[in-house]
Amino acid sequence: MTQSPHTTSPTPSPTPSHHTTRAHSFNSAAAQYAANRPSYPTTLLDAIEDLAGHPLTGARVADIGAGTGIATALLHARGTDVIAVEPGDGMAAQFRQTLPDVPIVRGDGNHLPLADASLDFLTYAQSWHWTDPAHSVPEALRVLRPGGALALWWNTSALDVPWIDAQTDRIQRHFGLDRVVRKNGDGSHAVLADPSGRLDFAHRRVRWSRRVPVDTHLANIGSHSVFLVHGEEGTAAFLAEERRHLLTAFPDGTIEETYDVELLVATSP
């Protein structure tokens, strides 16, 4: 899961009730999320292995906040022994349709339904910022084996690409987002992922892109929580106007989305 387009933050929202509302908003849009959200490049998995110092293949892995299974599917294809953990009804139901052979249990990063020292990797794709590090950090250290790795990552839109930067400004103006928050996934903000300082994160940035129809791109950004909590009426006008902007920039109706995956990896002592 993720919090909003062009936004990454390893810390929870400062307003708990709004944070909870946004976290639960994905369950009503699970099918839209599964069909339109971007995945991740296989080079991301290479980077995780490099920073962790051991391979994913054959490793015991738990993917937390697994959502519809976008990251879990990549981990499964890599040959891991992976289990998914997901708190939401709608997302878990979609996960079971997508990955019927991968086990999924209900829970969240603050209260992991996993045994002590049982995992080689603990992964959070677009989901660490929904946790409270005061709880999720000790839980991560509890379930990881010595030398096991905690991997956190976020797909962030590449703001050095002019059309993406322009779209970001339009979203900011429409929803009143704070532009400063948008870079919180990068390595200079790793301390925000663990304010206690118990984890020593290494950082890697992996750039990649995908080409999709304009409708897929609009459905992608519309599946983010900032859109979902405003409802259809609150977003329909924006998306209609955004279609006009995009077709001006991409007359053939194919959008090239460019992402920087911000990866943080810490190993358990």
Side-chain angles (χ1 to χ4, degrees), residues 1-3 7-20 22-24 40 44-45 47-54 56 59-67 71-72 75 80 82-88 91 104-156 181 183-205 225 261-269:
M1 292 188 292
T2 188
Q3 60 177 12
T7 305
T8 60
S9 175
T11 55
S13 164
T15 307
S17 61
H18 183 57
H19 182 255
T20 300
R22 289 179 66 172
H24 288 297
Y40 309 96
L44 172 65
L45 302 184
I48 293 170
E49 292 180 328
D50 185 41
L51 294 178
H54 52 95
L56 283 160
R60 295 196 65 184
V61 182
D63 187 30
I64 314 303
T72 315
L75 293 165
T80 68
V82 63
I83 185 172
V85 178
E86 168 57 38
M91 299 295 262
I104 181 171
V105 296
R106 304 303 293 280
D108 61 57
N110 297 329
H111 308 91
L112 293 173
L114 303 167
D116 295 357
S118 60
L119 298 173
D120 301 303
F121 287 90
L122 188 65
T123 62
Y124 285 79
Q126 311 285 130
S127 60
W128 183 259
H129 55 269
W130 298 118
T131 75
D132 177 358
H135 298 288
S136 55
V137 169
E139 280 290 88
L141 292 171
R142 178 182 66 80
V143 302
L144 284 170
R145 294 169 173 165
L150 171 66
L152 321 175
W153 67 87
W154 292 265
N155 253 337
T156 72
V181 176
K183 299 293 281 188
N184 279 357
D186 68 27
S188 65
H189 292 84
V191 66
L192 296 177
D194 175 24
S196 72
R198 296 176 66 182
L199 299 174
D200 183 16
F201 284 107
H203 171 248
R204 188 76 56 86
R205 179 178 293 121
S225 61
V261 185
E262 300 291 352
L263 170 66
L264 301 175
V265 175
T267 56
S268 177

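This chain uses plain numbering: 1 for the first residue, then up along the sequence. The structure presented is a predicted model; accordingly, all values stated were derived computationally and were not measured. Just so you know, these numbers use all the heavy atoms, side chains as well, and skip hydrogens, waters and symmetry mates.
- A donor-acceptor distance shorter than 3.5 angstrom exists from the side chain of S127 to the backbone of I64, with no hydrogens or angles considered.
- Between P133 and P138, the shortest heavy-atom contact is O-CD, 3.6 Å.
- Closest approach of I104 and E86 over heavy atoms only: CD1-CB, 3.8 Å.
- Counting only residues at least two apart or in different chains, salt bridge (Lys or Arg N to Asp or Glu O under 4.0 Å) contacts with residues 108-118 comprise D116-R142.
- Applying the side chain to side chain donor-acceptor pair (under 3.5 Å) criterion to D50, with sequence neighbours excluded, gives R204.
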In a table with atom names and distances, give each donor-acceptor pair under 3.5 Å that connects a side chain of residues 144-151 to protein atoms at least two apart or in another chain.
unit_1: R145; atom_1: NH1; unit_2: D120; atom_2: OD1; d: 3.1
unit_1: R145; atom_1: NH1; unit_2: D120; atom_2: OD2; d: 3.4

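- With sequence neighbours left out, the ring-ring contact (aromatic ring centres under 6.0 Å, His included) criterion links H111 to no other residue.
- Here the closest non-hydrogen pair linking T131 and S136 is OG1-OG, 2.9 Å.
- The side chain to side chain donor-acceptor pair (under 3.5 Å) check on R106 picks up D89, with sequence neighbours excluded.
- The salt bridge (Lys or Arg N to Asp or Glu O under 4.0 Å) pairs that include a residue from residues 193-203 number zero, where partners must be two or more places apart or lie in different chains.
- For the ring-ring contact (aromatic ring centres under 6.0 Å, His included) test, no residue two or more places apart in sequence or in another chain qualifies with F201.
- Classification of the F121-H54 ring pair by plane angle, with boundaries at 30° and 60°, yields tilted.
- Annotation: side chain to side chain donor-acceptor pair (under 3.5 Å) contacts of T72 (sequence neighbours excluded): D63.
- In terms of heavy atoms, A71 sits closest to Y40 at CB-CE1, 3.9 Å.
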